[in-house]
Amino acid sequence: MDSGAANDPFPHRHLLGIEGLSRREIIYLLDRADLYANQPRGAAPLAVLRGRTVINLFFENSTRTRTSFELAAKRLGADVINMQAQTSSIKKGETLIDTAMTLNAMHPDAIVVRHSESGAVQLLSEKVDCAVINAGDGSHEHPTQALLDALTIRRRKGRLEGLIVAICGDISHSRVARSNIYLLNAMGAHVRVVAPRTLIPAAMDRFGVEVFHDMKRGLTGVDIVMMLRLQTERMHGSFVPSIREYFHFFGLDYAKLAVAKDDALIMHPGPMNRGVEIDTEVADDIDRSVIRQQVEMGVAVRMACLEALNREARAPTAP
Amino acid sequence: MTERTLFTNARLLDPASGVDRAGDLLVENGTIAALGPNLAREGLGADVHVIDCSGSCLAPGVIDMRVQLREPGDEHQETLATGTEAAIAGGVTTMAMLPNTAPVIDDHALVEFVGRRSRELGRTTIRTYAAATKGLQGRELTEYGLLAEAGAVAFTDGVRAIADASVMRRALSYASTFDLLIVQHPEEPSLSAGGAMNAGEIATRLGLSGITPAAETIMVERDLRLAEITGGRYHAAHLSTAGAIDAVRRAKARGLAVTCDTAPHYFALNETAVGDYRTFAKVSPPLRSEEDRRAVIEGLKDGTIDAIASDHSPQDQESKRLPFASAEPGIVGLETLLPLSLDLYHNGSLNLLQVMRALTQRPAEILRLPGGHLKPGAPADLTIFDLDRPWRIDVAALHSKCKNAPYDHRPVQGKVTRTVVGGRTVFGLEA
């Protein structure tokens with residue numbers, strides 16, 4: 001959308017979603033994140049964002065994503081301000097657009113936004129002059145999660161192309177699922193979604209995924225098993241009848257995992273409901289579960305995103 | 001040792017294969033082994049137990065896909081034991097009971113209880129529906145996957161409609177996860193509330209509050225739309241109105257995988273049977289107009305209506321000897337299901353295989369039960385009946401604990417002479 005796109009490895013003002021990113025742009029972000037992930041611990045903060053201000057604006061509770069963004073910005077040398085909806089003027093009835101205008105007047109360099117409504121982050125991005133990163137909007141997108149998932153996979157498997165990835169659980173309400181479907185498809189992976197019919201949204205065939213309602217069939221021969229969190233309010237008789245039944249048919253345990261490839265990786269965006277969507281033993285399996293590595297990659301991926309959107313500070317070409 | 005029984009001199013009726021001819025049928029160890037003309041001449045040996053059917057019809061055992069058996073909870077009205085007594089006398093070899101017992105069958109332990117009792121009783125096989133929503137409350141789905149594993153044949157809220165459209169949508173959608181069937185009592189409750197009989201001239205004369213046929217049509221039409229968007233398997237129970245039957249007819253023509261049944265009272269009676277506030281003729285949905293009754297027969301004739309089920313609903317004296325609007329609805333029907341259905345053959349409405357298909361093959365296919373046909377390898381569940389024998393229904397002689405039927409002294413034609421379950425004769429009429 002900006003001029004000079006030809007030489008620009010990431011010609012976007014905001015990061016609102018994975019949909020619309022090219023394979024080349026995704027690889028650029030992953031490569032940069034890979035570099036940051038390899039940096040030794042305890043190194044002094046970098047100067048990439050020195051003197052710049054990043055606002056974390058979270059309208060929805062989140063500890064891990066906000067902390068991850070905060071850490072990423074600080075490691076790049078930025079000043080970080082955290083705003084939680086509970087403590088701000090939003091509680092007092094200020095509209096989203098008013099909040100955006102107010103923050104814009106403070107001239108931040110980037111705003112990281114999480115909101116419970118799909119599309120809210122885009123709306124806010126239209127009202128500010130700085131870069132906006134979507135840290136999760138409703139059931140729409142969570143691009144940095146998909147990027148960190150991809151980086152985790154790539155570092156373990158060496159590639160994304162050709163892998164079979166099963167995304168299991170509440171697809172309907174999941175922004176993580178949507179962002180991952182876009183990203184994995186763009187990178188040439190084969191995506192399956194596995195869930196009861198009540199948790200599969202309409203027109204899934206239009207997203208280039210295979211739909212399964214049976215875990216054993218859906219997991220047969222897969223390289224990656226991505227479990228999704230089932231929200232408590234959807235467990236008791238509305239979308240699924242009970243935790244007992246959900247775990248019996250759709251919870252990941254060793255019996256169901258047995259049909260996946262021997263070296264299949266287990267992923268979960270967190271926070272986990274142990275005994276609901278995933279068995280504790282499987283979640284803690286140090287050989288197969290990469291759930292902790294996902295968290296670790298989160299910081300590196302967010303550093304890469306903050307850097308990519310900060311045009312002046314960005315390296316002129318790929319590393 | 002192989003136990004063998006040869007049924008000779010029978011008129012073999014198998015709607016699934018279109019067979020209607022004289023012949024014999026051999027049963028080995030509870031399973032149909034062979035059928036054809038003159039099996040007896042093929043030298044089967046001396047150890048074969050021979051049963052002479054004397055020219056009677058031999059058909060797959062009747063499968064009654066909708067009964068209420070009141071156990072657990074209301075054993076004074078019916079028990080699983082008395083229910084099977086009525087069933088075998090009616091030629092019914094498998095029946096599916098509704099989950100509207102006390103407690104409601106919405107937990108796998110209760111499904112297993114029914115299965116265990118059925119095996120202990122060793123007569124008609126009793127299968128059960130599980131509640132589609134917890135406590136039949138119409139709000140939260142039950143554990144379809146676990147209940148089906150325990151043996152539930154399908155999911156329904158029994159004599160209550162799944163009224164909330166979004167709950168019905170989720171029920172169909174969730175059931176389709178496991179390829180399970182949702183059975184609806186199709187009546188829009190906000191239209192039927194307070195009604196006692198079919199809306200129309202008779203209700204007006206009697207001063208009774210009426211239930212419009214639209215209550216059924218609207219619910220069926222709504223459900224068909226929901227079945228279409230969810231891809232769920234849907235069955236509408238006991239259709240009684242021309243409008244609803246026509247809606248199903250059009251849905252089937254569009255290629256939707258939907259099915260429906262009716263009960264004998266919807267083609268054997270119409271609303272005039274209510275007469276002078278006869279509570280034995282009070283049923284839910286109510287007996288309809290003569291046009292609706294004819295539409296039911298048309299629906300059976302062209303295959304729009306797949307099955308005939310008794311809708312067996314035992315009600316004791318205390319529930320029926322009340323002012324009409326206060327009385328409970330229901331007719332006991334296990335023993336009159338076959339003869340009343342055979343009326344459709346005797347009066348020329350349907351051919352014999354059509355009648356038997358609606359009582360055997362189609363219910364087996366809808367509920368995915370093993371029987372319903374005479375193919376070798378099928379369970380030897382058989383109904384043997386004298387097609388032409390005339391008799392009068394004697395309500396006092398019914399085996400059910402309750403005698404609520406509006407058919408006393410009604411002449412019918414066709415009598416069950418022997419009922420066979422798993423190769424074993426469980427009912428035989430003394431010659």
Practice task
Please state whether the side chain, the backbone, both or neither of Phe178(B) comes within less than 4.5 Å of a heavy atom of chain A.
Solution key: side chain
Practice task
Would you mind reporting whether Ser238(A) and Arg170(B) have side-chain heavy atoms less than 4.5 Å apart?
Solution key: yes
Practice task
Check whether any side-chain heavy atom of Glu149(B) sits under 4.5 Å from a side-chain heavy atom of Glu245(A), and report yes or no.
Solution key: no
Completion exercise
ring-ring contact (aromatic ring centres under 6.0 Å, His included) filter on Phe207(A), not counting sequence neighbours, yields none
Problem - Atom pair CG/OG of Leu141(B) and Ser242(A) - distance to nearest 0.5 Å - result: 10.5 Å
Handout entry: Residues of residues 185-198 of chain A contacting chain B, heavy-atom criterion under 4.5 Å, by residue number
Key = Pro196(A), Arg197(A), Thr198(A)
Fill in the blank from the handout: Output for pair (Asp179(B) CG, His213(A) NE2), nearest 0.5 Å, gives 10.0 Å
Fill in the blank from the handout: Residues of residues 270-288 of chain A with a heavy atom under 4.5 Å from any heavy atom of chain B, in residue-number order, are none
Exercise for the section: Identify the residues of residues 246-260 of chain A whose heavy atoms come closer than 4.5 Å to a heavy atom of chain B, ordered by number, or report 'none'. Expected result: His248(A), Phe249(A), Phe250(A)
Practice task
State whether the number of non-hydrogen atoms from other residues, nucleotides or ligands found under 6.0 Å of Arg254(B) atom CZ is greater than 12.
Solution key: yes
